[in-house]
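What's counted below: heavy atoms across the whole structure, side chains too, no hydrogens, waters or symmetry copies. Here is the naming used below: chain letters follow the sequence lines, and residue numbers restart at 1 for every chain.
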Protein chains: 2
Amino acid sequence: MNTKDLAYFDRLINLKNFSQVALEFGVTQPTITTAIKRLETEFGSKLVLRDRVHNTLTVTASGQQLAIHAAAILERLALAHHEISNLTQQRTVLGLPPIIENHYFPRVAAHLQELGMLENIETLEGGSVWLRNALRDGQVDLALLGSTAPLAYETLVAEEFDRKPFNIFVSRQHPLASRKRIYFSELRREKFVLFNSSFIHNTAFNQLARRNHFRPDVVYRARDTHIIMNLVAENVGVTYLTALVDQHRDDVVRLELLDDEQPAFISSIVYRSSHVLTPAQKQVLAVLRGTLEEKA
Amino acid sequence: MNTKDLAYFDRLINLKNFSQVALEFGVTQPTITTAIKRLETEFGSKLVLRDRVHNTLTVTASGQQLAIHAAAILERLALAHHEISNLTQQRTVLGLPPIIENHYFPRVAAHLQELGMLENIETLEGGSVWLRNALRDGQVDLALLGSTAPLAYETLVAEEFDRKPFNIFVSRQHPLASRKRIYFSELRREKFVLFNSSFIHNTAFNQLARRNHFRPDVVYRARDTHIIMNLVAENVGVTYLTALVDQHRDDVVRLELLDDEQPAFISSIVYRSSHVLTPAQKQVLAVLRGTLEEKA
DNA sequence: ACTCATTATAAATTATTTTTATAACGACTG
DNA sequence: CAGTCGTTATAAAAATAATTTATAATGAGT
């Protein structure tokens with residue numbers, strides 16, 4: 001069976017129009033007709049029904065079933081291409097969320113530099129949620145990710161190397177600035193400046209908010225800790241961030257949270273379980289482990 | 001790309017011999033040579049190295065990577081065939097582990113009977129571990145499974161409907177027969193008659209044994225609760241089984257376990273997340289839910 | 001009745017896969 | 001060391017399969 005047929009089918013399910021699919025693939029319309037017919041023969045079942053009355057195309061149960069598997073197969077094929085291409089180009093793409101990049105990567109980079117391995121590494125930045133997908137579809141080979149619960153996916157291997165609490169940061173001018181510790185519920189009336197939603201800070205924050213039964217007033221969302229910290233310093237609002245971002249600024253005060261069972265910022269080394277590591281990638285992994293898990 | 005090439009490649013990785021692969025597929029040897037060459041061109045990388053000196057075949061890193069994906073793709077394709085075939089034949093295969101079949105199925109069967117749906121159902125028996133695999137590769141559409149931890153697999157959807165403790169069963173002649181409750185650690189010197197290892201009873205049993213730091217003396221393993229109960233009655237040993245199997249025999253006594261955080265026998269309705277349920281299967285699922293989750 | 005936007009069909013063409021036949025390679029053997 | 005065995009590779013021919021071209025068919029809308 002040709003995977004091209006699956007690709008045609010996959011698009012047909014979305015476009016619901018034979019001619020348009022043909023156009024997209026730069027082939028003629030009968031090509032699509034025969035491709036679908038081939039699949040229908042192969043699986044011994046009608047896959048789509050051409051409803052000429054309403055000029056629509058309905059997908060049969062078998063068709064829906066095949067659509068699911070076709071999409072998965074095509075995705076895996078793309079992943080194979082991606083991975084083998086990285087493999088042959090001796091390329092290692094390392095995914096880093098900005099907070100982790102700031103806090104842990106300098107140490108890792110220093111070690112890699114010493115071993116002359118830094119130039120073969122390409123880094124890709126993005127929120128942990130986005131990077132997890134990039135990792136799954138092969139754009140990234142290795143990643144350091146943050147999460148609030150231990151990462152457990154069949155397709156990914158995660159090795160936790162650190163766990164830090166979340167803290168509250170307020171301006172030195174803020175009434176709470178004299179405090180050292182605080183309960184989340186005391187922040188009911190505050191304005192918040194937070195990370196935008198591709199970061200796991202939100203997951204943790206929402207958990208705490210839900211548990212304390214209030215809907216926090218979020219006045220601004222940013223992609224950058226410096227922007228957030230500057231806003232906090234100006235007393236635009238308070239923020240909720242990992243202890244990792246502490247920049248020891250004298251215009252911002254860090255408060256610990258007293259709540260039990262708080263979410264933590266868990267840092268892990270992550271890679272695909274289906275991924276074959278090159279010798280170079282194995283070395284990078286070894287350096288990551290050596291540098292990050294050294295307390296163990 | 002033709003999936004046949006992936007099939008050839010997949011076998012080649014295992015057999016490491018072009019001619020034998022050709023033989024297995026009933027084609028000639030140059031067919032395999034060209035198929036592999038096609039893949040090597042498609043992925044832009046050598047996949048295998050023909051070592052004529054040692055007369056062996058080594059798989060490159062790219063080859064190993066592709067092998068993983070090829071196997072997964074072929075498996076999925078087979079699953080698609082299986083599922084669509086069940087779909088068109090209006091067949092529903094229900095997987096049942098014997099204990100669950102004995103305890104819960106009669107009620108379900110009665111309801112299905114009333115609705116005239118029993119004849120379209122084919123049941124397949126086996127241990128929970130075995131059935132989980134049968135479910136994954138499409139031999140089974142729906143299953144009732146036992147587990148000790150809530151089932152959480154990306155590929156399967158599990159709906160827990162009951163949770164029962166495990167008990168100890170001893171012969172009426174046994175010195176412990178006068179007891180109602182017992183700690184697992186008190187069984188350190190006992191002989192055990194247990195289920196064989198495709199059942200989750202073992203997982204639970206091993207957990208408890210490990211936690212109590214002793215290696216239990218297992219004198220016999222069987223596939224059938226009646227055999228086990230008969231052996232227990234004869235005082236060949238004691239057994240560890242779910243409360244579900246209680247047959248109210250007067251020659252066997254049931255003892256509850258007093259340990260905290262004991263494993264439980266969790267019963268769930270399980271199906272593939274990628275599976276499209278036919279109307280008939282949806283009805284079966286509704287009956288299962290209605291019958292089994294009725295306490296909720 | 002005519003036009004439009006569809007999908008289907010059949011023959012011709014083009015592309016791809018497989019076979020046939022044979023070469024090449026290196027190990028082993030008498 | 002020539003001959004044979006068990007391999008995989010190569011090239012041309014044959015067989016299969018996919019795609020295009022050209023056209024038909026269908027039913028909705030005007």
B/Leu15 and B/Leu57, any side-chain heavy atoms less than 4.5 Å apart: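 Result no, sub-4.5 Å side-chain heavy-atom pair not found.
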Residues from residues 1-17 of chain B lying under 4.0 Å of DNA chain D - heavy atoms: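 Of all residues in residues 1-17 of chain B, the ones placing a heavy atom under 4.0 Å from DNA chain D are B/Asn17.
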Within residues 19-29 of chain A: residues closer than 4.0 Å to DNA chain D (heavy atoms):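 DNA chain D contact set from residues 19-29 of chain A: A/Val27, A/Thr28.
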Whole Å only: how far is the [atom1] atom of [X] from the [atom2] atom of [N]?
X       : N      : atom1 : atom2 : answer
B/Phe18 : C/dT18 : CZ    : P     : 14 Å
B/Ile36 : D/dT7  : CD1   : P     : 17 Å
A/Leu47 : C/dA8  : CG    : P     : 12 Å
B/Lys46 : D/dT8  : NZ    : P     : 14 Å

Sequence neighbours excluded - salt bridge (Lys or Arg N to Asp or Glu O under 4.0 Å) pairs with any residue from residues 2-21 of chain B: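 Matches after skipping sequence neighbours: B/Asp5-B/Arg38, B/Arg11-B/Glu24.
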Pairs satisfying salt bridge (Lys or Arg N to Asp or Glu O under 4.0 Å), at least one member in residues 112-128 of chain A, at least two apart: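 Matches after skipping sequence neighbours: A/Arg91-A/Glu122.
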Look at the side-chain N and O atoms of [X] and state whether any lies under 4.0 Å from the OP1 or OP2 oxygen of [N].
X       : N      : value
B/Thr34 : D/dT10 : no
B/Arg38 : C/dT18 : yes
A/Lys37 : C/dT9  : yes
A/Arg50 : C/dT6  : no
B/Thr33 : D/dT8  : no

I'd like to know if the side chain of [X] reaches the main chain of [Y], judged simply by a donor and an acceptor atom lying under 3.5 Å from each other, with no hydrogens or angles considered.
X        : Y        : answer
A/Arg272 : A/Leu135 : yes
A/Arg221 : A/Phe195 : yes
A/Thr60  : A/Lys46  : yes

Pairs touching residues 64-85 of chain B that satisfy ring pair (Phe, Tyr, Trp, His ring centres under 6.0 Å), sequence neighbours left out: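 The answer is A/Phe43-B/His81.
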Non-neighbouring partners of A/Asp137 that pass side-chain hydrogen bond (donor to acceptor under 3.5 Å, both in side chains), sequence neighbours left out: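 Listed in chain order: A/Gln139.
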Six-ring centre of B/Tyr153, B/Arg132 cation under 6.0 angstrom, axis tolerance 45°: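 Cation-pi check for B/Arg132 and B/Tyr153: fails.
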